[in-house]
Number of protein chains: 2
Amino acid sequence: MCDEAKRDPAERLRQMTARLKERGHRLTPQRLAILRILAESRGHPSVEDIHKALLKDFPTTSLATVYKTITRLKDENEVLELEFSDLANRYDGNTPTPHPHAICTRCGAICDPDTPPLEELAKLVADRTGFRITSHRLDFYGLCPKCQEQDG
Amino acid sequence: MCDEAKRDPAERLRQMTARLKERGHRLTPQRLAILRILAESRGHPSVEDIHKALLKDFPTTSLATVYKTITRLKDENEVLELEFSDLANRYDGNTPTPHPHAICTRCGAICDPDTPPLEELAKLVADRTGFRITSHRLDFYGLCPKCQEQDG
DNA sequence: GCGTTATGGATAATGATTATCCTGAAAGAA
DNA sequence: TTCTTTCAGGATAATCATTATCCATAACGC
């Protein structure tokens with residue numbers, strides 16, 4: 001229910017590479033590999049996760065390269081960043097627009113539940129605060145099913 | 001509309017001191033001062049903000065003391081932490097239960113809009129993901145009214 | 001192929017937060 | 001009030017994800 005198949009990874013990869021090229025970014029082998037990892041990932045990998053996966057094909061890749069590529073992708077709105085102050089940030093390259101997440105506070109599992117859209121609520125907030133709302137973040141924290149089992 | 005008066009700061013201070021005492025924490029002058037700053041704050045101060053305010057009455061207070069006190073308050077659920085990976089975390093001592101925020105991405109202003117409660121949505125997410133939901137975070141990002149003016 | 005210039009790699013720097021360690025103060029008991 | 005125990009404060013070092021820096025090199029348009 002949680003990490004069901006989303007859109008086709010190959011299609012998403014094509015989309016990302018096309019957008020980067022179109023905006024004048026070079027498509028290096030390392031970059032392509034990072035895009036592929038993001039497109040194929042069902043979870044929400046951290047930079048270190050991505051780097052580890054990358055080392056299988058490109059054993060000399062630097063962590064800095066991953067950070068730089070992620071920054072590009074953020075600038076181009078091709079990846080959604082989930083910030084944490086006490087943990088490494090996590091990234092969603094499949095669905096780069098804001099959407100709710102369920103986050104396990106024990107094991108760090110993150111999944112995308114289906115929920116009604118928040119546009120109405122965002123409009124309400126804009127009306128009441130005078131803000132020009134451009135993005136949002138909705139996280140639910142708790143224990144994932146696996147971690148509940150371990151409680152006995 | 002955004003930073004309207006909430007509950008009575010003095011009453012909130014009484015509440016916090018009572019809870020800390022009840023749980024066996026000592027009430028030192030520094031701690032009381034931090035509680036007062038949190039209770040009276042209408043914004044969402046960072047640790048550094050709190051420390052700066054504290055120095056007026058206790059010029060030798062260490063930053064570490066503020067961090068330690070905040071940790072206590074988090075453990076006792078008397079303060080709500082808003083985490084940011086690229087900025088200092090911000091704290092709400094007035095309303096320590098999760099509630100939506102509007103956050104200015106330019107100046108960092110944070111305010112508490114009135115919105116319908118999210119309990120139903122949380123229940124829906126719990127049903128669909130199997131998570132045992134214990135907390136949530138709903139942030140809306142955008143430009144506050146002041147920062148919109150500066151755009152011309 | 002060539003030349004321009006963005007990118008990759010290695011590593012140092014940054015900065016919020018946490019850990020450590022010791023001294024001193026808070027609170028209860030006598 | 002004084003004593004005792006233990007928690008809290010202050011100073012500072014350590015941590016760790018993320019950024020910045022710098023140079024050699026690879027990508028891509030011509």
For this session: Output all residues satisfying side chain to side chain contact (heavy atoms under 4.5 Å, CB included) with B:Glu22, sequence neighbours left out; order by chain, then residue number.
Result: none
State whether [X] and [Y] are salt-bridged, where the test is any N-O pair (Lys NZ or Arg NE/NH1/NH2 against Asp/Glu carboxylate O) under 4.0 Å.
{"X": "B:Glu81", "Y": "B:Arg137", "value": "no"}
{"X": "B:Glu76", "Y": "B:Arg19", "value": "no"}
{"X": "B:Lys52", "Y": "B:Glu48", "value": "yes"}
{"X": "B:Arg14", "Y": "B:Glu11", "value": "yes"}

Scan the side chains in residues 28-38 of chain A for donor-acceptor partners under 3.5 Å anywhere in the protein, sequence neighbours excluded, and list what turns up.
{"unit_1": "A:Thr28", "atom_1": "OG1", "unit_2": "A:Arg31", "atom_2": "N", "d": "3.1"}
{"unit_1": "A:Arg31", "atom_1": "NH1", "unit_2": "A:Arg26", "atom_2": "O", "d": "3.0"}

Exercise. Can you name the residues that form a side chain to side chain donor-acceptor pair (under 3.5 Å) with A:His51, not counting sequence neighbours?
Worked result: none
For this session: Scan residues 52-71 of chain B against DNA chain C and write down, sorted by residue number, each residue with any heavy atom closer than 4.0 Å; if none is found, say none.
Result: B:Ala64, B:Tyr67, B:Lys68
Exercise. Listed in order of residue number, which residues of residues 73-89 of chain A have a non-hydrogen atom at under 4.0 Å from DNA chain C?
Worked result: none
Seminar exercise, completed: Rounded to the nearest 0.5 angstrom, the OG-NZ distance for A:Ser62 and A:Lys68 is 7.0 Å
Seminar exercise, completed: Taken to the nearest 0.5 Å, the spacing of B:Tyr91 OH from B:Ile110 CD1 works out to 11.5 Å
Please list, chain by chain and in numerical order, all residues satisfying salt bridge (charged side-chain N to carboxylate O under 4.0 Å, His left out) with [X], sequence neighbours excluded.
{"X": "A:Asp49", "result": "none"}
{"X": "A:Glu83", "result": "none"}
{"X": "B:Glu40", "result": "none"}

Seminar exercise, completed: Once base and sugar-phosphate atoms are separated, protein heavy atoms under 4.0 Å mark nucleotides 23-30 of chain C, 5' to 3', with B, S and - as --BBS---
For this session: Give the minimum heavy-atom separation between A:Asn77 and A:Pro96, together with the two atoms involved.
Result: O-CB, 3.6 Å
Exercise. Which heavy atom of B:Phe131 sits nearest a heavy atom of A:Pro145, and at what distance?
Worked result: CD1-CD, 3.9 Å
Exercise. To the nearest 10 degrees, what angle separates the axes at the start and end of the helix from C:dG1-D:dC30 to C:dA30-D:dT1, five pairs each?
Worked result: 40°
For this session: Under the ring pair (Phe, Tyr, Trp, His ring centres under 6.0 Å) rule, collect the residues that match up with B:His101, sequence neighbours excluded.
Result: B:His44, B:His99
Problem set entry | Along DNA chain D, first and last positions that approach a heavy atom of chain A under 4.0 Å | D:dA17 to D:dC28
